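These notes are about the structure you will find just below.
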Amino acid sequence: MIALIDYRAGNLASVKKALATIGADVVVPNAPDDLASAAGVIVPGVGHFGATRALGAPWVEAILERVGEGRPLLGICLGMQWLFEGSDEAPDVAGLGLLSGRCYRLGTVRLKPDATYDVRGIRHQPDLAVKIPHVGWNSLTIERGDASILEGVAPGSQVYFTHSYVAPVTGDAAAVAHHCETFSAVVQRGYIAGVQFHPEKSGDVGLRILRNFVELAG
């Protein structure tokens with residue numbers, strides 16, 4: 001059974017429908033104690049990072065207990081950002097802290113406008129005219145071939161994004177995307193994974209990623 005967390009900040013119906021499409025057994029828990037029997041946990045989310053305040057101490061404790069037991073956790077969009085230490089979007093709100101780093105606004109250029117920089121061997125130039133938020137289809141650059149969440153996902157696969165804030169590229173990045181700057185599109189550390197895009201809106205690629213997570217949950 002996969003527990004889909006409802007904290008009034010996610011397109012829950014679409015995620016639930018996508019999970020049903022791949023045959024997953026899904027429950028929306030009413031209380032943190034309901035996570036005790038979950039084989040895996042999904043935290044979706046759209047909108048402002050401040051919405052994660054609704055995931056108070058009891059929910060955090062229950063989710064961390066499941067992670068400590070080796071049960072997989074997947075964050076989607078805002079849910080992925082919540083896996084990190086926090087976000088500049090709501091500096092007073094702590095993230096779950098399972099992954100190192102802080103999320104920041106896409107297009108935050110920390111270099112001179114005419115500078116170029118190298119990310120994973122790709123030369124980029126900051127573009128101050130790029131539209132924010134980043135909405136629409138974009139391609140994935142696979143960073144790690146050992147990431148089980150991306151099993152069967154081809155390099156360059158297109159997925160659907162809608163966001164203004166991003167997670168930094170760290171050693172946990174399994175795939176990156178580029179829009180004005182390079183950012184983490186998929187992260188994974190052991191049984192903890194996250195996707196910045198919306199798998200429920202990303203066709204067969206998104207369904208494959210959700211299926212990989214369900215298989216990880218056993």
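Being a predicted model, the structure only gives us computed values, none of them experimental.
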Donor-acceptor contact below 3.5 Å, side chain E85 vs main chain G97: no
Result of checking I76, V41, L12 against L4 for side-chain contact (heavy atoms from CB on, under 4.5 Å): L12
Could you grab the distance from atom CG of L216 to atom CG of L74, nearest 0.5 Å is fine? 9.5 Å
Please tell me whether W82 and V46 are part of a single hydrophobic cluster in this structure, the criterion being side-chain heavy atoms less than 4.5 Å apart. no
Test item: S164 and H134 side chains (from C-beta on) under 4.5 Å apart, heavy atoms: no
Quick check on D204: does its CG atom have over 12 non-hydrogen neighbours (other residues, nucleotides or ligands) under 6.0 Å away? no
Which atom pairs, one a donor and one an acceptor, fall under 3.5 Å between side chains of residues 21-33 and the rest of the protein, sequence neighbours left out?
| residue | atom | partner | partner atom | Å |
| --- | --- | --- | --- | --- |
| T21 | OG1 | K17 | O | 2.9 |

So do V187 and I192 actually touch side chain to side chain, heavy atoms under 4.5 Å? no
Examine distances only and state if a side-chain atom of N138 and a backbone atom of H178 form a donor-acceptor pair shorter than 3.5 Å. yes
Would you check if the side chain of R71 reaches a backbone N or O of E65 as a donor-acceptor pair within less than 3.5 Å? no
Side-chain donor or acceptor of H179 paired with backbone N/O of I132 under 3.5 Å: no
With ring centroids as reference points, do Y160 and F197 lie under 6.0 angstrom apart? no
Side-chain contact test, heavy atoms from C-beta onward, threshold under 4.5 Å: evaluate it for V186 versus V153 and give yes or no. no
Measure the shortest side-chain to side-chain distance between C103 and E89 over non-hydrogen atoms and say whether it is less than 4.5 angstrom. no
How many angstroms lie between atom CG of D92 and atom CZ of F49, to the nearest 0.5 angstrom? 10.0 Å
Is the count of non-hydrogen atoms from other residues, nucleotides or ligands lying under 6.0 Å from Y7 atom OH greater than 12? yes
Where the side chain of R66 meets the backbone of G40, is there a donor-acceptor pair that is under 3.5 Å apart? no
Does the gap between the ring centers of F183 and F161 come in under 6.0 Å? yes
Distance from L83 atom CG to R189 atom CZ, nearest 0.5 Å? 10.5 Å
Side-chain donor or acceptor of Q81 paired with backbone N/O of S87 under 3.5 Å: no
With a 4.5 Å cut-off on side-chain heavy atoms, are N212 and L150 touching? no
Quick one: are H163 and L106 in side-chain contact, heavy atoms under 4.5 Å? yes
To the nearest 0.5 Å, tell me how far I149 CD1 sits from F213 CZ. 7.0 Å
Can you tell me if CD on Q158 sees more than 12 non-hydrogen neighbours from other groups inside 6.0 Å? yes
I need the Q188 CD to R144 CZ distance, nearest 0.5 Å. 6.0 Å
Separation between OH (Y165) and NE2 (H48), nearest 0.5 Å, reads 6.5 Å
Do T162 and H198 make a side-chain contact, defined as non-hydrogen atoms from C-beta onward lying under 4.5 Å apart? yes
Same cluster or not: M80 versus L96, using hydrophobic residues (I, L, V, M, F, W, Y) connected whenever any side-chain heavy atoms lie under 4.5 Å apart? yes
With a 4.5 Å limit on heavy-atom distance, are the side chains of D172 and F84 in contact? no
